[in-house]
Amino acid sequence: MKAAALIFDMDGTMVDSMPAHAKSWDLFRQRHGVQLSVDEILKRTTGRNGIECVRLLLGDDLPEEEAKRLIDEKEADYRRIFAEDFREVAGFSEFARRAQARGLKIAVATAGDRNNLHFVLERVHVRPEAEVRGDQGLPGKPEPDIFLAAAKKLGAEPRDCIVFEDAPFGIEAAHRAGMRAVAICSTHKAEELAGPHVIASVRDFEELMKNDFLESLHA
């Protein structure tokens, strides 16, 4: 398969962070009187940027500064919780280092904010060539903007990029961006992450390495 660049979602793809996000959303819903269950909140918000998430839960008319203050509060809870039991999705950092050693460019394209991204990168010890975040004014997934911005930063054509995603909105965003995708089934079943552009569905990056995925790619 031809590939020039690999683009990674972060939460649930690079790191096993969704349980910590669930706990922080539970604190948020209790503080702010959100009636939805945590499962429903995750279903509605995963892949969306922070302001989109808060407005979805508390109303579209919420002023941007207030929405930003509230999502900053929620994400501070998340980092505190996740720091106590930080885990990457098995094999991610080794896979990323092997990819870079083979000359592939890598990017992180996340709906998360600067603080969350740097919190993760300093723990997995991976240095991507590009990063795109949800707090940079781009719409969240399933819109393709975040992935397209990552490809542009890497100097790669969308057709030459492979996206790694764990969520349906992200898989859809990759399709809309004209990119192939690998489904990382850490939080969803393979059938929930299916699509004509999905070239592999795996449990984690250790499985990809066992299957010589990187060795199957060429420039």
Side-chain angles (χ1 to χ4, degrees), residues 6-32 34 36-54 56-58 65-100 106-136 138 140-141 146 150 164-167 169-170 184-188 203-209:
L6 309 182
I7 301 176
F8 298 91
D9 169 57
M10 182 172 70
D11 291 303
T13 300
M14 293 166 49
V15 289
D16 187 13
S17 56
M18 297 316 293
H21 275 298
K23 290 177 181 177
S24 61
W25 276 125
D26 192 31
L27 292 173
F28 184 93
R29 64 181 287 276
Q30 291 179 55
R31 284 193 194 111
H32 301 291
V34 177
L36 297 173
S37 69
V38 172
D39 285 346
E40 187 62 25
I41 290 173
L42 289 172
K43 181 179 178 181
R44 296 189 186 195
T45 61
T46 299
R48 300 188 186 278
N49 68 44
I51 290 175
E52 289 173 339
C53 290
V54 173
L56 188 149
L57 298 176
L58 299 179
E65 284 304 310
E66 178 65 3
K68 185 177 185 306
R69 183 187 69 79
L70 291 171
I71 196 62
D72 286 349
E73 169 194 282
K74 181 266 172 194
E75 299 298 15
D77 284 335
Y78 152 74
R79 292 189 298 274
R80 173 180 54 79
I81 293 166
F82 196 29
E84 296 174 359
D85 188 24
F86 183 87
R87 299 185 304 276
E88 71 171 24
V89 170
F92 166 72
S93 57
E94 178 63 22
F95 182 87
R97 284 191 288 269
R98 289 188 187 184
Q100 288 177 311
I106 69 171
V108 178
T110 175
D113 63 18
R114 176 191 298 271
N115 292 330
N116 284 3
L117 176 58
H118 292 172
F119 170 87
V120 166
L121 289 179
E122 68 184 15
R123 286 165 172 78
V124 298
H125 306 297
V126 170
R127 293 294 173 262
E129 283 80 14
E131 58 182 63
V132 181
R133 309 182 310 272
D135 61 348
Q136 294 175 311
L138 296 172
K141 306 160 191 174
I146 286 176
F164 295 77
E165 259 287 355
D166 75 303
F169 279 169
I184 303 297
C185 303
S186 61
T187 56
H188 291 83
R203 181 182 63 256
D204 53 36
F205 293 93
E206 288 183 350
E207 186 174 339
L208 283 173
M209 288 187 286

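Note that these values count all heavy atoms, side chains included, but never hydrogens, waters or copies made by symmetry.
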What heavy-atom pair brings [X] and [Y] nearest, and what distance separates the two atoms?
X      : Y      : result
Phe169 : Lys43  : CE1-O, 4.3 Å
Val108 : Pro128 : CG2-CG, 4.0 Å
Ala150 : Ala107 : CB-CB, 4.1 Å
Ala99  : Leu6   : CB-CD1, 3.7 Å
Ile71  : Gly50  : CG1-CA, 3.5 Å
Glu73  : Arg31  : OE2-NH1, 3.4 Å

Residues which pass side chain to side chain donor-acceptor pair (under 3.5 Å) with [X], listed by chain and number, not counting sequence neighbours:
X      : value
Arg80  : Asp77
Ser24  : Lys74
Thr187 : Asp166

Is the closest side-chain heavy-atom distance between [X] and [Y] below 4.5 Å?
X      : Y      : result
Phe205 : Ile184 : yes
Met18  : Thr46  : yes
Lys141 : Asp9   : yes
Asn116 : Thr110 : no
Cys53  : Trp25  : yes
Phe8   : Val126 : no
Leu58  : Val34  : yes
Val124 : Phe86  : yes

Could you tell me the separation between the [atom1] atom of [X] and the [atom2] atom of [Y], rounded to the nearest 0.5 Å?
X      : Y      : atom1 : atom2 : result
His32  : Leu70  : NE2   : CG    : 5.0 Å
Glu207 : Phe95  : CD    : CZ    : 11.5 Å
Ile51  : Asp113 : CD1   : CG    : 10.5 Å
Thr45  : Leu57  : OG1   : CG    : 6.5 Å
Ser186 : Glu165 : OG    : CD    : 9.5 Å
Glu129 : Gln100 : CD    : CD    : 4.5 Å

Applying side chain to side chain contact (heavy atoms under 4.5 Å, CB included), name anything that partners [X], two or more places apart in sequence or on another chain.
X      : value
Ser17  : Asp11, Val15, His21, Tyr78, Phe82
Gln136 : Val132, Arg133, Lys153
Ala76  : Arg79

For Glu131 and Leu121: C-alpha separation, side-chain torsions, deciding distance, then whether side chain to side chain contact (heavy atoms under 4.5 Å, CB included) applies. CA-CA 11 Å; Glu131 58 182 63; Leu121 289 179; 4.0 Å; yes
Counterpart residues, salt bridge (Lys or Arg N to Asp or Glu O under 4.0 Å), relative to [X] (two or more places apart):
X      : value
Arg44  : Glu40
Arg123 : none
Lys68  : Asp72
Asp85  : Arg87

[X] side chain to [Y] backbone, donor-acceptor under 3.5 Å:
X     : Y      : answer
Asn49 : Leu138 : yes
Arg29 : Leu36  : yes
Glu52 : Gly140 : yes

Report the residues that fulfil ring pair (Phe, Tyr, Trp, His ring centres under 6.0 Å) with His118, sequence neighbours left out, ordered by chain and then residue number.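 With neighbours one apart ignored, the set is empty.
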Could you check whether Phe164 and Phe92 have their ring centres less than 6.0 Å apart?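 That pair fails the under 6.0 Å test.
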Which pairs, with at least one residue in residues 88-100 and sequence neighbours excluded, count as a salt bridge (Lys or Arg N to Asp or Glu O under 4.0 Å)?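 Only Glu94-Arg97, Glu94-Arg98 qualify under salt bridge (Lys or Arg N to Asp or Glu O under 4.0 Å).
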